[in-house]
Number of protein chains: 2
Amino acid sequence: MTEHRATAPSAGASTATRGRRADAERNRAAIITAATAVFAERGGEVDVREIARRSGVGMGTLYRHFPSKEDLLRLSLEQEFTAWLTEAHERAAATQDPWQALSGFFEQVLTTQAHNRALMDSYVQTGGPTEACVQKCRAFIDALRERCEQAGLLRRGVSTEDLLSLSASLCQVVQTPGGQHRWRRLMTVSLDGLSSRHPEPLPS
Amino acid sequence: MTEHRATAPSAGASTATRGRRADAERNRAAIITAATAVFAERGGEVDVREIARRSGVGMGTLYRHFPSKEDLLRLSLEQEFTAWLTEAHERAAATQDPWQALSGFFEQVLTTQAHNRALMDSYVQTGGPTEACVQKCRAFIDALRERCEQAGLLRRGVSTEDLLSLSASLCQVVQTPGGQHRWRRLMTVSLDGLSSRHPEPLPS
DNA sequence: GGGCAAGCGGAGCAACCGCTCCGCTTGAAC
DNA sequence: GTTCAAGCGGAGCGGTTGCTCCGCTTGCCC
């Protein structure tokens with residue numbers, strides 16, 4: 001309840017940079033930057049004090065800008081996830097072969113998530129940090145699936161949800177001991193199991 | 001340091017039921033039973049007070065019998081894991097077809113783990129609750145792998161560790177929303193990707 | 001430069017959790 | 001029945017974590 005009271009009485013304060021003092025703006029940015037780094041390194045369960053320390057502000061300042069730790073985490077992850085999904089779109093658009101586009105996506109999931117604990121946790125558990133993010137991701141995967149299916153490369157009966165779940169489960173492998181040297185092998189296994197080389201459709 | 005001082009001065013007090021009062025013995029059993037149930041339901045991070053409540057004893061009694069929550073968890077999981085692995089051995093011995101033995105094991109992993117949070121967590125993270133358990137499990141999986149390989153059913157280059165990691169990663173699927181209706185499909189995908197139907201060996 | 005609202009920092013509150021301490025109770029040996 | 005060590009329960013300690021409160025500082029407008 002300390003947030004958006006802005007200078008102008010109108011609108012929903014979309015960019016929300018209005019009417020904030022210069023130092024406040026700097027602090028806000030520093031907090032998001034630090035939070036993003038800390039969450040990536042240690043996951044979403046870090047002590048808020050660590051984020052305050054790393055961004056060089058006090059607890060009061062942190063909570064003036066963000067109503068709760070949960071909100072800060074969500075905002076940070078939304079940002080990262082959106083950028084990540086944009087990159088995925090670009091890569092897919094630049095790839096001719098539908099199957100290569102799909103397997104390229106799996107690879108991007110796994111390489112990115114390997115370096116971002118909090119992002120990975122949210123991907124593994126629900127598919128993304130927010131419902132909106134998950135929807136966008138699902139839509140993207142669905143397009144990849146469609147392309148592969150039309151080209152007759154995908155096994156019959158494979159759903160979008162299957163692809164999401166499978167990529168998420170492989171994320172898990174990455175962070176087990178020795179996982180860094182193993183995820184690519186298991187990704188190959190999974191993708192091969194998804195290919196139309198298997199004439200039997202998946203059981204419903 | 002309150003533990004084994006037994007009546008007899010000899011031996012390592014293997015079953016450790018010696019020289020304990022009847023009520024103490026009852027309480028000890030009640031605690032393990034309750035702990036096993038609670039850990040299965042809610043995972044290894046439950047409040048110790050919950051276990052004390054469910055077993056009908058006070059905190060003092062709980063800590064008289066078990067030096068730490070970690071020890072109680074380990075003991076409970078060791079017990080469950082051992083029983084589970086014994087069942088796996090029996091099933092495998094009773095199954096003629098090597099490939100069916102392997103896929104039967106995957107199925108057992110996933111059905112069991114679906115109802116046991118703490119056990120699943122330990123399986124996902126390291127392969128079992130203790131190093132000894134993991135070794136036994138690895139040895140068992142290695143025997144399954146060997147059987148499949150000798151029968152020419154397994155894709156070349158698949159290691160024991162791969163099978164352990166893959167089954168663990170599928171555990172993750174089980175506890176995501178909708179996972180109960182999806183893990184069997186993804187298990188099929190994974191197993192098919194592991195079959196010798198794929199002539200290309202796994203990349204090293 | 002002066003005035004003051006916006007902003008700041010961090011001590012501290014409340015809730016939680018693993019574990020301990022100690023006065024009371026009780027099983028069992030005689 | 002008496003005795004007493006073994007056993008019991010739960011209040012409470014110490015540490016952690018999310019969040020708040022409030023006295024002090026500072027950017028901005030004149």
Side-chain angles (χ1 to χ4, degrees), chain A residues 1-9 13 16-35 38-39 41-77 117-118, chain B residues 1-9 13 16-35 38-39 41-76 118:
Chain A
M1 67 190 68
T2 24
E3 213 55 22
H4 43 65
R5 79 222 81 74
T7 312
T17 314
R18 253 96 50 98
R20 236 190 311 250
R21 242 164 61 174
D23 56 343
E25 197 59 40
R26 242 181 292 124
N27 280 332
R28 187 187 165 89
I31 292 167
I32 290 204
T33 302
V38 172
F39 285 141
E41 282 170 29
R42 313 207 206 179
E45 304 208 321
V46 281
D47 192 335
V48 194
R49 287 163 182 78
E50 173 69 16
I51 296 170
R53 214 174 300 127
R54 285 268 280 264
S55 47
V57 304
M59 292 293 293
T61 304
L62 196 153
Y63 276 92
R64 162 177 304 276
H65 287 289
F66 304 95
S68 75
K69 178 188 170 181
E70 212 54 42
D71 280 85
L72 178 56
L73 177 59
R74 191 168 38 72
L75 212 82
S76 160
L77 288 184
R117 294 259 315 242
Chain B
M1 67 189 71
T2 26
E3 213 56 24
H4 44 62
R5 82 222 81 73
T7 311
T17 314
R18 253 94 53 95
R20 225 175 337 234
R21 240 165 60 176
D23 56 344
E25 196 58 41
R26 242 182 292 124
N27 280 331
R28 188 189 164 88
I31 292 166
I32 292 203
T33 303
V38 172
F39 285 141
E41 283 169 30
R42 314 208 205 179
E45 304 208 322
V46 281
D47 192 334
V48 195
R49 287 163 180 79
E50 174 70 15
I51 297 170
R53 214 173 299 127
R54 285 269 279 264
S55 48
V57 305
M59 293 292 292
T61 304
L62 197 153
Y63 276 94
R64 162 177 302 276
H65 287 288
F66 304 95
S68 74
K69 177 187 172 182
E70 213 53 44
D71 281 86
L72 178 55
L73 177 59
R74 192 168 37 71
L75 212 80
S76 159

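Chain letters run A, B, ... following the sequence lines, proteins first and then strands; every chain starts at 1. Bear in mind that the values here come from a model prediction, so they are computed numbers and not experimental data.
Taking a 4.0 Å limit (strictly below) on heavy-atom distances, residues 41-57 of chain A reaches DNA chain C at A:Arg49, A:Gly56, A:Val57.
Between D:dC8 and B:Asn27, a contact under 4.0 Å exists linking OP1 or OP2 to a side-chain N or O. Contact annotation: B:Tyr63 reaches the phosphate of C:dC19 (side-chain N/O to OP1 or OP2, under 4.0 Å). Side-chain nitrogen and oxygen atoms of B:His65 include none within less than 4.0 Å of the OP1 or OP2 phosphate oxygen of D:dG7.
Counted within 6.0 Å of CD on A:Glu45, heavy atoms from surrounding residues, nucleotides or ligands total 12 or fewer; the atom is thus considered open.
The two residues B:Ser55 and B:Ala30 have their closest heavy-atom pair at CB-O, 3.5 Å.
Between B:Asp71 atom CG and C:dG18 atom P the separation is 14 Å, expressed in whole Å. Between the CZ atom of A:Arg64 and the P atom of C:dA5 there is a distance of 14 Å, rounded to whole Å. Counting to the nearest Å, the P atom of D:dC19 and the CG atom of A:Leu72 are 10 Å from each other. Between the CD1 atom of A:Ile31 and the P atom of D:dC19 there is a distance of 14 Å, given to the nearest Å. Nucleotide C:dC17 holds its P atom 16 Å from the CG atom of B:Leu73, rounded to whole Å.
Using a 4.5 Å heavy-atom cutoff, the side chains of B:Leu72 and B:Leu62 are in contact. Side-chain contact between A:His65 and A:Arg20 is present, with at least one heavy-atom pair separated by less than 4.5 Å.
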Across nucleotides 23-30 of chain C, 5' to 3', mark each nucleotide with B, S or - according to how protein heavy atoms within less than 4.0 Å reach it. ---BSS--
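The side chain of B:Thr61 has D:dC8 as its nearest neighbour among D:dC19, C:dC8, D:dC8.
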